[in-house]
Number of protein chains: 2
Amino acid sequence: MPQDAAICATQQPCEICPIRYRAVCAHCEGDELDELESMKFYRRYEAGQVVVWAGDRMDFVGSVVSGMAGLTQQLEDGRTQMVGLLLPSDFLGRPGREMAAYTVTATSDLVLCCFRRKPFEKLLIDNPRIASRLLEMTLDELDAARDWLLLLGRKSAREKIASLLVILARREAALIKRRPEGRIAIELPLTREAMADYLGLTLETVSRQMSALKREGVIELDGKRRVIVPSFVRLVTESGDDSDGGPLS
Amino acid sequence: MPQDAAICATQQPCEICPIRYRAVCAHCEGDELDELESMKFYRRYEAGQVVVWAGDRMDFVGSVVSGMAGLTQQLEDGRTQMVGLLLPSDFLGRPGREMAAYTVTATSDLVLCCFRRKPFEKLLIDNPRIASRLLEMTLDELDAARDWLLLLGRKSAREKIASLLVILARREAALIKRRPEGRIAIELPLTREAMADYLGLTLETVSRQMSALKREGVIELDGKRRVIVPSFVRLVTESGDDSDGGPLS
DNA sequence: CCAGGACCTTGACCCAAATCAAATGCCACA
DNA sequence: TGTGGCATTTGATTTGGGTCAAGGTCCTGG
């Protein structure tokens, strides 16, 4: 069983934080930001470490600063489904809930910017800027979850893989306010098993479809955790939904 | 193409509204409730009517008073997935969004309690009771969507059908603050096709599994839109997740 | 340099659910 | 009382992805 995360002393000031304008603090300024800054503490996890188990008490909430985490749900017989992917700027934990509803696992080395839950809940009542940003982020997550429903319910294994790559590319690009185009590289901080859990497939099927996409030139593999996409539009075509990814918000 | 909904003159006062303590207005009292009451207007739709098409402008938000609606998403080639089921007290529309992200269809006769979007957005800024209730409801919807991800990704056709029935039974019971037990009846205001769209199956598979559950005595059919469940625990067992449905919130 | 183990790939076979194709039941309405 | 239009059921057949079973690759540590 993994050790608890180091509560790390070295943390960045909010001014130079990479997720400053995308996280739950995005709309805060001046005093509000100072208050958050005084409350925050970092937690670090290694790839594979469990952040919380479903059903365990959870006394903090926080934002992903760097790395990736997965929310995971299970049936009694062990069938596992990842139900959320937390990327930088995403919010972890639910205000008003004592127990974690899902198991959270770091799928790569992970840094969280955390707040103790109770004081954060109080802040949420006093401070409409934070509350409204959290509502906005929750609505975005709901939209993302609903897109995922379409993927799980109706897409083929090949389309699922392509869709995952498209999402990762878009999220990576959004952090630097660009739109993915032409030839791109995608970091893939997930094992084949984690991909399978996310896509509702088995790891064998993920592996086979990755091989097929490679064979047909849709992707190239640079090691196991880095994918080169020669043509992003080709990948989007393979993903089944021909949308343009919406506004660059 | 269906006619636009009648904006109906006959509407109930909030005091005797069946969703008074579950909808977005749940925590409002006195003046706040009066303000909502003065703004509200009802809309009625017949089973099968479309409330909004994905991509269309949407100038109102609202709550389901009675009936049922489905949120639907599509791939270009026509594959369809329902991504949300709106039952009484559920909220429709997204503050801050001009265009509908999903097609909304009444799956049974439907009554909505609506507010024009702009004034409602203003209310959300001025009135933390409404904003916090909306956040709470959105977080609940996100949890429901995530449970649905597990269903779509990992459950068998039979488990999916049983799960849908369990959810409908729980929602029906929650409205009258009870917990489903023993022998119960479930209203099923969905066609086989709508069920298939919700469950990520074909309508033939839905029909076959309904027949199988009937043959084995898990359910009895009373007409096509009403299901009798002799033993609720048996149904929950068939649904795959053996949870107790959580607190009666 | 080699051994062990985690992770990944590939092959053979199987099965649950999709697809294709009729029937059947069930109104509403002439 | 028939008739057209649905929704639904049922049957036959196909197939995408699961399951089971080897191997292969690449670290890491002795």
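Each chain gets a letter, A, B and so on, in the order its sequence line appears, and its residues count up from 1.
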Protein heavy-atom contacts under 4.0 Å, written 5' to 3' over nucleotides 10-21 of chain C as B (base), S (sugar-phosphate only) or - (none), form the string BBB----SSBB-
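- Applying the ring pair (Phe, Tyr, Trp, His ring centres under 6.0 Å) test to pairs two or more places apart or on separate chains, none has a residue in residues 216-235 of chain B.
- Every residue meeting the side chain to side chain contact (heavy atoms under 4.5 Å, CB included) condition with S239(B), not counting sequence neighbours, appears here in chain and number order: A162(B), S163(B), V166(B), V236(B), D241(B).
- Of the N and O atoms on the side chains of D197(A) and Q81(A), not one donor lies less than 3.5 Å from an acceptor on the other residue.
- Residue pairs meeting the ring pair (Phe, Tyr, Trp, His ring centres under 6.0 Å) criterion with at least one member in residues 58-93 of chain A, sequence neighbours excluded, are F91(A)-F120(A).
- When the P atom of dC27(C) is taken as reference, atom CZ of R225(B) falls 11 Å away, rounded to whole Å.
- Among residue pairs with one or both ends in residues 46-71 of chain B, those qualifying as salt bridge (Lys or Arg N to Asp or Glu O under 4.0 Å) are R57(B)-D59(B), R57(B)-E98(B); sequence neighbours excluded.
- Following rounding to the nearest Å, E46(A) (CD) and dA6(C) (P) show an atom-to-atom distance of 16 Å.
- For the helix from dC1(C)-dG30(D) to dA30(C)-dT1(D), the rotation axes defined at the first and last 5 base pairs enclose an angle of 30°, given to the nearest 10°.
- The ring pair (Phe, Tyr, Trp, His ring centres under 6.0 Å) analysis of residues 193-220 of chain A, with sequence neighbours excluded, yields the pairs W148(A)-Y198(A).
- Interface limits on DNA chain D: the 5'-most and 3'-most nucleotides within less than 4.0 Å of chain B heavy atoms are dT8(D) to dA12(D).
- Sorted by first and then second residue, the ring pair (Phe, Tyr, Trp, His ring centres under 6.0 Å) pairs with a member in residues 156-189 of chain A form an empty list; sequence neighbours excluded.
- With sequence neighbours left out, L221(B) forms a side chain to side chain contact (heavy atoms under 4.5 Å, CB included) with R192(B), M210(B), K214(B), I219(B), V227(B).
- Under the rule for a side chain to side chain contact (heavy atoms under 4.5 Å, CB included), the partners of I176(A) that lie at least two apart in sequence or sit in another chain are R178(A).
- Residues passing the side chain to side chain contact (heavy atoms under 4.5 Å, CB included) test with V52(B) are M58(B), A100(B), V104(B), sequence neighbours excluded.
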